[in-house]
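Here the structure is laid out as C-alpha cells; the discussion comes afterwards.
When reading the values below, keep in mind they use all heavy atoms of this one structure, side chains included, and skip hydrogens, waters and symmetry mates.
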Amino acid sequence: MSGLEAGLLLGSVHSVVLAIALRRRVLNRRANQYLVALLVALALLLFDGFLRARGTLAAHPHLIGLTAWVPFVIGPLVFLYVREMTAPEPARLRPPWRHFIIPLAYIALLAVTFFPRSASYKRSIAAHEASWFVVALEAALLVYGIAYATAALVLLRRHREHVKELFSNLRGVSLRWLLVLALLNTMVWIAALVAFVIRMSGVVERGMASLIVPIGGTITAFVIGYFQLGQSEIFVPVKRDSVPPPSSPHEPVGEPATAEPTQSYARARLAEDDATALESRIRAAMTEKQLYRRGGLTLGELADEVAATPHEVSQVLSTRLGRNFYTFVNEHRIEHVKAELLRTDRPVLDIAFDAGFQSKSTFNSAFRKATGMTPSELRQRTTA
C-alpha cells in the first residue's frame with residue numbers, strides 16, 4: 001500500500017471515528033448533526049479516493065459513480081453548520097431540506113442515466129473521457145461548491161460584527177475554529193477548480209489531478225478532529241429585548257455600527273435629551289469609573305452601570321459616537337495604555353492586561369492599528 005493510499009484510508013477511518021464521537025456529544029448537539037453528516041460524506045469521498053488510487057474501481061466498474069453525489073452535499077453541510085453555530089435563535093432558522101434539493105436531483109439523474117450503463121461506459125467516465133454533458137456537470141458542481149463556501153464566509157463576517165456589538169473581548173467567543181473550517185472548505189473547492197482545469201488542459205496525468213479533492217478532504221477531516229472536540233459554544237444568547245430583533249432568521253441580531261442610524265434604531269429611537277444624557281453617563285462610566293478595565297466587560301454590564309437597556313446603549317454608541325461596543329471600549333483601553341507607557345516603565349503586557357486586554361495578539365493588533373507603531377516604539381520616541 002502506497003503512502004497516498006494509506007493516507008486516504010486513514011482519513012476515511014478517522015472521519016468515521018470522529019463522527020461517532022461527535023454524535024455522542026451533548027454540547028452543540030443540533031450543530032453537530034451537520035458536522036457528523038459532513039464527516040460521513042468525507043469518509044465516503046476519501047474511501048472512494050482510496051479505491052481509485054488502488055485501481056479497484058477499474059477492476060470493479062460497478063463501484064464507479066456511487067459517491068459522485070457526495071461533493072454536492074459538502075458545501076451545504078459546511079454552510080448549515082456555520083449557520084447553526086452563529087444563529088442568535090437556531091430554532092427560528094428555515095428548514096435545511098431545501099439545501100439538499102440539488103444533491104437529491106443529481107442522485108436521481110445518476111440513477112436514470114449512469115448507474116444502469118455498461119462497464120465500459122463507466123470506465124470511460126472514470127478515465128475522464130466524458131461527454132460535454134458530464135463536463136458541464138463538473139463545472140456546475142464547482143460553481144455550486146464555491147457559492148456555498150462564500151456564503152459560509154459571509155455568515156462568519158456578519159457574526160463577527162454582531163459579537164463586537166456585545167463583547168469588549170472576543171476571547172471565549174472566538175470564531176477561529178469556524179473560520180478555519182470555512183477557509184479550508186474554500187481552499188478545497190479552489191483545489192477542485194485547479195484539478196478541473198488541469199484535467200481539461202491535460203498538463204499532468206489526469207488520475208493524479210482527480211486525487212486533489214480527496215487529499216483536501218483528508219486534511220479537512222484531521223483539522224476537524226484537532227479543533228472540534230475542544231470547541232465551546234460560539235454564540236452567547238441575549239434576551240430578546242436587549243438588542244434590536246433580526247429582520248430575518250438568517251441575519252445576525254446586531255449590525256455593524258455606523259454613524260447613521262439603522263432601521264431598527266430609527267423605529268425605537270431615544271429622544272434627543274435622553275440620548276444626550278445617556279451618552280454622558282456612558283462616557284463617565286469609561287473615563288471616571290474606568291469600566292473598560294474589566295477584561296470581560298459586556299454590553300449588558302455597561303447598560304446596567306448606566307441604568308439603560310443594552311439596546312439603548314448600542315443605539316447611542318452607533319448613532320452618536322459612530323462606534324460599536326468592541327471598538328468603543330478598546331479605544332479607551334488603548335488610551336489608558338498610551339498614558340501608562342509615557343508615565344511609567346512598567347512592562348508593556350502588564351499595562352495592557354491591567355487596561356482590560358485579555359490577549360497579547362489582540363492588544364498588539366489594536367495598538368498598532370490605533371497608533372501606527374508598537375508600544376515599545378511609542379515609549380522610545382517619547383523618551384528620546
Side-chain angles (χ1 to χ4, degrees), residues 15 18-45 67-112 137 140-163 175 177-179 181-182 184-186 188-189 217 220 224 228 231-240 243-255 263-264:
S15 298
L18 184 57
I20 294 173
L22 289 176
R23 184 69 180 82
R24 297 177 178 177
R25 290 190 76 194
V26 176
L27 183 65
N28 300 328
R29 182 179 293 276
R30 281 172 55 99
N32 281 344
Q33 292 175 356
Y34 298 117
L35 198 57
V36 167
L38 174 63
L39 287 165
V40 171
L42 287 174
L44 291 172
L45 189 65
T67 61
W69 56 272
V70 174
F72 281 95
V73 303
I74 291 178
L77 287 172
V78 172
F79 171 80
L80 290 170
Y81 176 69
V82 171
R83 188 185 73 162
E84 187 76 25
M85 288 292 283
T86 59
E89 297 177 90
R92 295 183 60 202
L93 293 172
R94 293 180 181 178
W97 61 264
R98 67 191 66 204
H99 294 278
F100 300 102
I101 292 176
I102 291 180
L104 289 173
Y106 188 49
I107 292 174
L109 179 64
L110 290 172
V112 173
L137 278 177
L141 170 61
L142 290 171
V143 173
Y144 184 76
I146 291 173
Y148 266 104
T150 303
L153 290 173
V154 169
L155 280 183
L156 283 174
R157 182 180 181 277
R158 290 181 179 179
H159 182 66
R160 183 173 179 82
E161 296 298 337
H162 173 54
V163 297
L175 303 175
W177 149 242
L178 285 181
L179 183 60
L181 177 61
L184 186 56
N185 178 55
T186 303
V188 171
W189 281 109
T220 301
I224 290 174
Q228 172 58 23
Q231 174 64 41
S232 60
E233 293 279 3
I234 294 292
F235 183 79
V236 179
V238 291
K239 295 180 180 179
R240 286 190 54 78
V243 292
S247 58
S248 77
H250 292 286
E251 295 178 2
V253 173
E255 291 296 330
Q263 291 181 357
S264 297

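- A distance of 9.0 Å separates CG of Leu141 from CG of Leu137, quoted to the nearest 0.5 Å.
- The number of heavy atoms from other shown groups lying within 6.0 Å of CZ (Arg24) does not exceed 12.
- The CD1 atom of Ile20 lies 11.0 Å from the OG atom of Ser15; values are rounded to the nearest 0.5 Å.
- For the pair Pro76 and Tyr144, the minimum side-chain heavy-atom distance is below 4.5 Å.
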Please assess Leu77 against Leu35 for the test side chain to side chain contact (heavy atoms under 4.5 Å, CB included), listing each intermediate value before the final yes or no. CA-CA 7 Å; Leu77 287 172; Leu35 198 57; over 6 Å; no
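- To the nearest 0.5 Å, the span separating CZ on Arg30 from CE on Met85 amounts to 12.5 Å.
- You'll find the side chain of Val70 reaches within 4.5 Å of the side chain of Thr67, heavy atoms only.
- Between His99 and Arg94 there is no side-chain heavy-atom pair separated by less than 4.5 Å.
- The closest side-chain heavy-atom distance from Leu38 to Leu80 is not below 4.5 Å.
- When every heavy atom of Val82 is checked against every heavy atom of Ala152, the shortest pair comes out as CG1-O, 3.9 Å.
- Annotation: side chain to side chain contact (heavy atoms under 4.5 Å, CB included) contacts of Ala19 (sequence neighbours excluded): Val36, Leu39, Val40.
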Check the pair Thr150 / Thr186 against side chain to side chain contact (heavy atoms under 4.5 Å, CB included), numbers first and verdict last. CA-CA 7 Å; Thr150 303; Thr186 303; over 6 Å; no
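- Atom CZ of Arg23 sits about 9.5 Å away from atom CG of Asn32, to the nearest 0.5 Å.
- Expressed to the nearest 0.5 Å, how far CG of Asn185 lies from OH of Tyr81 amounts to 13.0 Å.
- In this structure, Val78 and Trp189 have side chains that are not in contact, with every pair of non-hydrogen atoms separated by 4.5 Å or more.
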Show your working on side chain to side chain contact (heavy atoms under 4.5 Å, CB included) between Leu44 and Trp69 and close with a plain yes or no. CA-CA 10 Å; Leu44 291 172; Trp69 56 272; 4.1 Å; yes
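- Taking the six-membered ring for Trp and thresholds of 30 and 60 degrees, Phe79 and Tyr148 have ring planes more than 60 degrees apart, a perpendicular arrangement.
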